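Remarks on the structure that follows.
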Amino acid sequence: MKYPRRTTLCFVILVIYSSQVTATLDLEAIVHPLTLREQELAGEEPPRQKRAVATSHPTAKDYTVDIEISFENASFLEPVKTYLNSLSFPIQGNDTDQAANILSVEVTTVCRPTGNEIWCSCETGYRWPREQCAHNLTCQDYGNSPVGRPCNCLKGLPPKGPFCQLQRAITLRMSVRLNVGFQEDLRNISSALFRSYKTDLETAFRKGYKILPGFESVTVTGFRPGSVVVNYEIRTTTPSPGFMHRANELVTQNLNQTYRMDDSSFQAFASNETRFFVIPEVIFEGDTVTLVCENDVASSNVSWHHVGRSADIQNGSQFWVYTTVLNNMTSVSRLTVYNITQGDAGEYICKLTLDIFEYESRKKINVTPIRIFAIDEMRVTCDSSPVSLNCCSEINVNWSAVEWKQEGEITVPGNSETESGSSCSRYTLTADGTQCPSGSAGRTAVYTCEFVSAHGARGSKNIEVTFTAVANITITPDPISVSEGQNFSIKCISDVSNYDEVYWNTSAGIKIYQRFYTTRRYPDRAESVLTVRTSTREWNGTYHCIFRYKNAYSIATKDVTVHPLPLEQSILVDPLEASVPCRGSYHFKCCVEEDEHYEVTFRVDSLSFPAAKEVHGKQVCYKFNFVANAMVSWCPKHVDVFCDFTNAANNSVRSPSMKLNLVPGENITCQDPIIGVGEPGQVIPKLCQFSHQPSSPASPVGGIVTYQCVGSQWKVKSSDCISAPLNSLLQLAQALSKSPFQDKKLPAYLKNLSVSTDKVAHEVSSSPGNLGAIISILGLLSTVPIQVNSEMMTNVLSTVNVILDKPILSTWKALQLQQTNHSSQLLESVERFSQALRSEDSTVLSICHTNVQMRGMVIKSGSPKPYKQIFAFSDSNLWGDVAIDEYHLTNLQPDSSVVTVAFPTLKTILGQDAQGKNSANSLVMTTTVSHKITTPFRISMTFKDHNSLGGKPQCVFWNFTLANYTGEWDSSGCYTKVDGDSVLCSCDHLTSFSILMSPDSPDPDSLLKVLLDIISYIGLCFSILSLAACLVVEAVVWKSVTKNRTSYMRHICIVNIAASLLVADVWFIVASTIRDHHYVLNETACVAATFFIHFFYLSVFFWMLTLGLMLFYRLVFILHDASKSVQKAIAFSLGYGCPLLISVITVGATQPQEVYTRKNACWLNWEDTKALLAFVIPALIIVVVNVTITIVVITKILRPSVGDKPNKQEKSSLFQISKSIGVLTPLLGLTWGFGLATVFQGSSAVFHIVFTLLNAFQGLFILLFGCLWDQKVQEALLKKFSLSRWSSQHSKSTSLGSSTPVFSMSSPISRRFNNLFGKTGTYNVSTPETTSSSLANTSSAYSLLN
């Protein structure tokens, strides 16, 4: 704006008025310029719209008017201000506009001439807007600028406004220190001291700070130690530093000096006027982040701080701080963080300091890692089909770029595509055969998608792509042409090793069941082999070998021709066996079920004869009339007759043999046109179809009937004929087991079997053959490896229910007489079906019949419920239950089926135990799990004790591998507890369980059993303590008693005997604990216990042998003297080497077949492998050797000396023999012979008691006879305990009586090892009365025994 030259003063007043009508003002004469607006000026609140209350007038509105007034005389300014200050507001409008009221009039801006310029400054409480400061020249060195704001004065008045604006009030947080001691009452706002300080200080603060422009109030907010720091707040406009210093001086002057205020301790913290923002808003790891801090304070003294770090941020490689002042009024500070990490996240503080003022602002930032989602691995078939690789970021932001890279063994480029605004990127590639030929099949390339943010962050994800060439399939080139019954295989080879699925199907699209083919993968190829061991006509056709990889299929085709040829078992021959007079004849025939073009010849010895063909419905028979005198040159003779079938492919099959017996004919008494002739007592088997049994070619019966010639007639001895319906089902089952479509046919067949069995139940009850046929059918079908559903299992159990009905039990007994494993075969078939059972839609399985019940449960993932199934058969008065706890169920695979089947009548069918004395007398329950159990398992069962005769119930399971795989009851791994009329069983495996009753077993609470247990355990305790004491004594007296070589070797033997026996006894207790206390009979622990017991007991014997051989050596080879090291080497080799060799060979030969230990004890097996002989034979040999040595020693001792009196010498000799036998027998183990009596069944209890006593106290014998009877040991002990005088007297008193050192040997045994037997032997070598000759002998013996 241009001013007249005479103008010396210009000022702007601000007028606010309220009006209810639209104002029409004409103020051009007095206002220059005049601005009328209805919205907020910069920095002001918007005009308030007032509401009319209880009136019909329009709503009043506030208007703000800036009026510029110019004067030629500057002295007019103060009178104008005085006049304006004297006005009373509001001022009512004039007569023309009574609706308008003037609310306030204030001077805001004053312009004065300064030199050649006009300087315009703001009045107190006002300031220039930021936009005016940015676009106009400011005055220099203007005095009363607010803190940090030199823009209080502009050169010239802005022509179009806005002018100086009213400053908003702010809150200054301040503090000052009082140099007085801090008192705790200052923390309590209710205390008198607090109120006194507050009142005095606020009074002084008001007097001092009232000079501040815009001052409103001051309040003391609290006190804190150091000495006393006063916190207070001032409500005012932003003051200049000069104003603040003057105000602080006034505060100090107006405060009582007793407060000792420190005038240099004033600090001011302005309210948040700092603008703090972060670029970018979403921060990723790796971004370059800028934190900007702006403040309308002209100061560059800005510091940055991270809350998680102790020091201020300084410029460096990662952080950079740059601060500048814009237009001399705005401070801008930038903190740049390069390659930011998650560790850099947190709260940042920007602090600007000017004089006593501090401006602080905080901002918390979060750093997010770039998360890219994509499929880690992909397979791509090189078939020219486009394949897309997709990457997506977790957060959808405007990514700067998405880059795709590739590296690897093979290069297949593609095109990337990223949609705008999308968080995903797609990379499309197309691979053909030229890019990944067969040589590169299975090679891998890694594609990397990398997302780049606008600020430099990068996040990537690798996708591993395996390229697979389209497989080239080669198949067995030779044509496949086979005959029925022959085997064939087709090999299909792919030059690519990667595939998702390989399968075979027919030309009709029917898949071949998986059991018929195997597939193997090699590094450079894959192959699948279809193998058919017994081909049938169903295998005739075209087969496709299919390798599938994703949606790509590689197919090879092969035609198979199967020529008709009957299977050997399908050829029905008649007769099976026949007798023909030497001048007689017989009609032989072979029949098959189809009319094909076969060339059939009969072979009699080396002769061949053509056959005549006859057709009877579907059955075709080939006949041959045998004339004896024309075809065989001598008689009597046994001849085998066969018929050979040859088909169009020139393949042949031979029928079962027909045995022909040529007899003279004089003794023939039985004659029948169908059965033939026979001599008295002769037995002839015949197919039921060709016997007197009713049959027809359309529906032939099966089985065999046996005739016996009794007198002049053939009588039926036994009949196993199978009715026509069941025989047909049996043939279908045999064909189904070889069919390529058995999984499709089995459900319908099982249903048909159930219906048919129910219809012919009366025939089953009268014919063992029918019963055996059904069992054979179930056995065949159970081997078909497919999953069984609930409907199929229902049909199976329906069939089983029929054949286990009580009226048929007598038929079972007749069948068992012929073959004993039918019941075992049935049980095994049911177990196979149960194990294959899968439930489609239910977790609970239940099927109930009169003679069989099944219940089960499907184990779901998570925490399964305990398995508890209860079975009750009211007709049989039997019940039982099965339980498996949650712990064992959680170890099973998810969706496993646990199935229990209970049979009330099977107990009478299954065989007895191995001794033939014990039989099952309860329910038979079999529990199976569909998947293999890999962890220890335990099942608990409860049976009703149905034994009315008394006896010991024993939990057993049916072991299919025993009795030459015909099955037998076995108690291994099962533990029994009787509770009233219930028997509780706990087993560590799953199979068929029952209770085996043992009437001959002694009562567990019987006196004999209790007595043997007491003797065994007390004797073992004494034995272990005695052996430990023996080793201690030997250690104490060792140096005193081993001064010569013989004595040294003797004590070496004694120590090793004691140590071996001690270890053996400890292992015996371990083994007994495993067995006797119902712990899990862990196989590994039991095998280990058996091995060590065997080894250390043998070591005791071999060290006894070593001691005996040493005695023999010293008595016989007196002049030969081996060194101590040689003797020790021989002794240890014999004492430990031989037992180790025997033990290792024993366990190595028997444990692979799991027949090393006994079923119910941790000791060497006897029933199955006679492994016990590996202990008995060495022990008995050693006993015999030691007996021989004893005889030699006694002979030496009894050798008469010259000059002895016969009577006296004889008396002394008798004494020596008696004492030697009494001591040497337990020492050298002669009493083992007494243990032989315990081997035999029914042996007297006396033998068991004596046997247990002698062997349980072996350790005590070792201590007494091996250590304490030795004179030198006694002397060494007495000397050790300072009893030399008594020892001397004792030596003198005993020298004439002469008790020489004692050899003592022992071998432990207990009744607990069933037939493990042993005895203890000791011997004493004494000196006779002294003569010259006898003294020499005694000296030799004494030297040896020491």
Side-chain angles (χ1 to χ4, degrees), residues 1020 1023-1024 1027 1052-1072 1086-1110 1129-1151 1156-1158 1161-1166 1169-1187 1189 1226-1233 1235-1236 1238-1239 1251 1254-1256 1258-1259 1261-1262 1266 1304-1310 1312-1321:
L1020 279 174
S1023 181
I1024 291 174
L1027 292 169
I1052 284 285
C1053 292
I1054 292 295
V1055 167
N1056 281 279
I1057 289 171
S1060 298
L1061 185 57
L1062 176 62
V1063 177
D1065 285 345
V1066 171
W1067 274 106
F1068 178 85
I1069 292 176
V1070 172
S1072 179
C1086 190
V1087 169
T1090 303
F1091 176 83
F1092 286 115
I1093 292 173
H1094 185 200
F1095 170 70
F1096 284 108
Y1097 277 162
L1098 280 179
S1099 297
V1100 171
F1101 274 91
F1102 275 92
W1103 277 106
M1104 288 164 55
L1105 177 63
T1106 302
L1107 189 59
L1109 292 176
M1110 185 190 72
I1130 295 173
F1132 276 93
S1133 299
L1134 188 62
Y1136 289 123
C1138 292
L1140 181 62
L1141 183 63
I1142 295 172
S1143 302
V1144 170
I1145 292 175
T1146 304
V1147 70
T1150 58
Q1151 181 55 27
Y1156 177 57
T1157 62
R1158 298 187 181 185
C1162 296
W1163 183 230
L1164 297 173
N1165 188 291
W1166 174 254
T1169 59
K1170 303 297 186 290
L1172 182 61
L1173 293 176
F1175 173 73
V1176 173
I1177 291 176
L1180 292 179
I1181 291 175
I1182 291 172
V1183 167
V1184 171
V1185 172
N1186 282 342
V1187 167
I1189 292 173
L1227 177 66
L1228 296 180
L1230 295 180
T1231 53
W1232 279 91
L1236 289 173
T1238 64
V1239 174
F1251 168 74
L1254 289 175
N1255 291 282
Q1258 294 300 298
F1261 296 156
I1262 292 285
S1304 171
M1305 316 223 45
S1306 62
S1307 293
I1309 191 60
S1310 170
R1312 317 291 281 168
F1313 275 163
N1314 196 4
N1315 289 329
L1316 173 62
F1317 54 88
K1319 266 296 186 179
T1320 301

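Atom set for the values below is all heavy atoms of this structure, side chains included, hydrogens, waters and symmetry mates excluded. In this text the structure is predicted, and so the values were computed from the model without any measurement.
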In sequence, state the C-alpha distance, the side-chain angles, and the governing distance for Phe1096 and Leu1061, and then conclude on side-chain contact (heavy atoms from CB on, under 4.5 Å).
-> CA-CA 7 Å; Phe1096 284 108; Leu1061 185 57; over 6 Å; no

May I have the step-by-step check of side-chain contact (heavy atoms from CB on, under 4.5 Å) for Phe1092 and Val1063, ending in yes or no?
-> CA-CA 8 Å; Phe1092 286 115; Val1063 177; 6.0 Å; no

Would you please test Asp1065 and Leu1027 for side-chain contact (heavy atoms from CB on, under 4.5 Å) and show each step?
-> CA-CA 10 Å; Asp1065 285 345; Leu1027 292 169; 3.8 Å; yes

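Put simply, the side chain of Phe1102 reaches to within 4.5 Å of the side chain of Pro1178, judged on heavy atoms. In this structure, Leu1098 and Phe1095 have side chains that are not in contact, with every pair of non-hydrogen atoms separated by 4.5 Å or more. Residues Asn1165 and Thr1150 form no side-chain contact, since every pair of their non-hydrogen atoms from C-beta on lies 4.5 Å or further apart. Taking the side chain as every heavy atom from C-beta outward, Trp1067 and Cys1162 never approach each other to under 4.5 Å.
Rounded to the nearest 0.5 Å, atoms OG1 (Thr1106) and CZ (Phe1101) are 13.0 Å apart. Taking NE2 of His1094 as the reference point, atom OG1 of Thr1146 lies at 5.0 Å (rounded to 0.5 Å). We find the OG-CG distance between Ser1099 and Leu1105 to be 12.0 Å, quoted to the nearest 0.5 Å. Once rounded to the nearest 0.5 Å, the distance linking CD1 of Ile1054 with CD1 of Ile1057 reads 5.0 Å. Separation of atoms CG (Leu1109) and CE (Met1104) is listed at 11.5 Å; rounding is to 0.5 Å.
Taking the six-membered ring where tryptophan is involved, the planes of Trp1103 and Phe1132 are perpendicular, since the angle between them exceeds 60° and thus also 30°.
Closest non-hydrogen pair, Val1100 versus Ser1060, comes out as CG2-CB, 3.7 Å.
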